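One structure is given here, and the rest of the page talks about it.
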Amino acid sequence: MLAALLGATVLVFLVGWSGLVSISAASGHFAPVRWFLGWTMENAVRRQSMLEDRPAGLDLSDPALVLRAAGHYATGCAPCHAAPGIAQSPVAQAMTPAPPRLEDRIGDWDDRALFWIVRHGIKYSGMPAWPAQHRDDEVWS
């Protein structure tokens with residue numbers, strides 16, 4: 001068993017060292033790899049966001065909060081995710097993975113998960129973490 005594990009480890013490093021694995025963002029992922037990465041991300045967000053709680057008294061439909069959120073979205077999110085009625089840029093469409101249009105996906109996540117994604121970002125996807133980690137009030141908006 002140890003020999004098999006060592007052999008598999010050496011094989012993985014040899015494949016990586018060979019340079020034969022395409023890391024080109026232009027080529028996208030093979031379908032099984034794309035599925036696995038998406039599945040892993042969804043599971044990680046759902047598990048890790050379980051510890052997030054909306055602050056007591058925070059009303060996410062408060063007009064002042066919504067206006068603040070619209071400004072954050074326009075400057076920080078729309079360049080990649082676009083906005084309703086606005087086409088996604090060719091640059092964003094060519095990213096691997098391409099940023100999803102959020103009006104079609106927002107219902108897939110609860111408030112905790114959305115907070116976690118915006119606050120922490122998603123590695124290797126181009127989705128950055130919130131720049132001011134101590135400003136949960138900005139992230140909740």
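Fair warning: this is a prediction, and the values are worked out from it, not measured in the lab.
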* Side-chain donor/acceptor of His72 to backbone N/O of Ser141, under 3.5 Å -> no
* **Shortest non-hydrogen separation from Arg46 to Met50 and the atoms involved** => O-CG, 3.1 Å
* Derivation and outcome, side chain to side chain contact (heavy atoms under 4.5 Å, CB included), residues Met41 and Lys123 -> CA-CA 9 Å; Met41 185 275 292; Lys123 284 183 181 178; over 6 Å; no
* Asked: Same hydrophobic cluster for Val12 and Val21, using side-chain heavy-atom links shorter than 4.5 Å among ILVMFWY?
  -> no
* Taking all atoms of both residues into account, what is the closest heavy-atom pair of Trp140 and Asp53, and its distance? -> CZ2-O, 3.5 Å
* **Whether over 12 other heavy atoms sit under 6.0 Å from Tyr73 OH** => yes
* Asked: Any link between Val139 and Leu60 through a network of hydrophobic side chains (Ile, Leu, Val, Met, Phe, Trp, Tyr) touching at under 4.5 Å?
  -> yes
* **Arg119 backbone acceptor or donor facing Gln133 side chain under 3.5 Å** => yes
* Asked: How many angstroms lie between atom CG of Asp59 and atom CG of Leu65, to the nearest 0.5 angstrom?
  -> 8.0 Å
* Structure fact -> Note: Met95 and Cys80 closest approach over all heavy atoms is SD-SG, 4.4 Å
* To do: Using the rule that two of Ile, Leu, Val, Met, Phe, Trp, Tyr join whenever any of their side-chain heavy atoms come within less than 4.5 Å, decide whether Ile106 and Trp109 are in one cluster.
  => yes
* Value rounded to 0.5 Å, distance of CG in Leu67 from CG in Asp62 -> 10.0 Å
* Can you name the closest pair of heavy atoms from Pro97 and Ser125 and give their distance? -> CD-CA, 4.0 Å
* Using the side chain to side chain contact (heavy atoms under 4.5 Å, CB included) rule, take Leu2 and Leu6 through it: C-alpha gap first, then chi angles, then the decisive distance, then the call. => CA-CA 6 Å; Leu2 185 58; Leu6 182 62; 5.6 Å; no
* Asked: Any link between Leu114 and Val45 through a network of hydrophobic side chains (Ile, Leu, Val, Met, Phe, Trp, Tyr) touching at under 4.5 Å?
  -> yes
* Say you draw a straight line from NE2 of His81 to CZ of Arg105; how long is it, rounded to the nearest 0.5 Å? -> 10.5 Å
* To do: Flag yes if Leu102 and Met127 sit in one hydrophobic cluster, no otherwise; membership is Ile, Leu, Val, Met, Phe, Trp, Tyr, and two members link when side-chain heavy atoms are under 4.5 Å apart.
  => no
* **Side chains of Pro55 and Leu58 in contact at under 4.5 Å (non-hydrogen atoms)** => yes
* Please report the shortest heavy-atom distance between Trp130 and Arg135, naming the atom on each side. => NE1-O, 4.3 Å
* Asked: Shortest non-hydrogen contact from Ser49 to Trp116?
  -> CB-CB, 3.7 Å
* Asked: With the threshold set at 4.0 Å, does a side-chain nitrogen-carboxylate oxygen contact exist between Asp110 and Arg112?
  -> no
* **Point-to-point distance, once rounded to the nearest 0.5 Å, from OG1 of Thr40 to CD of Glu42** => 9.5 Å
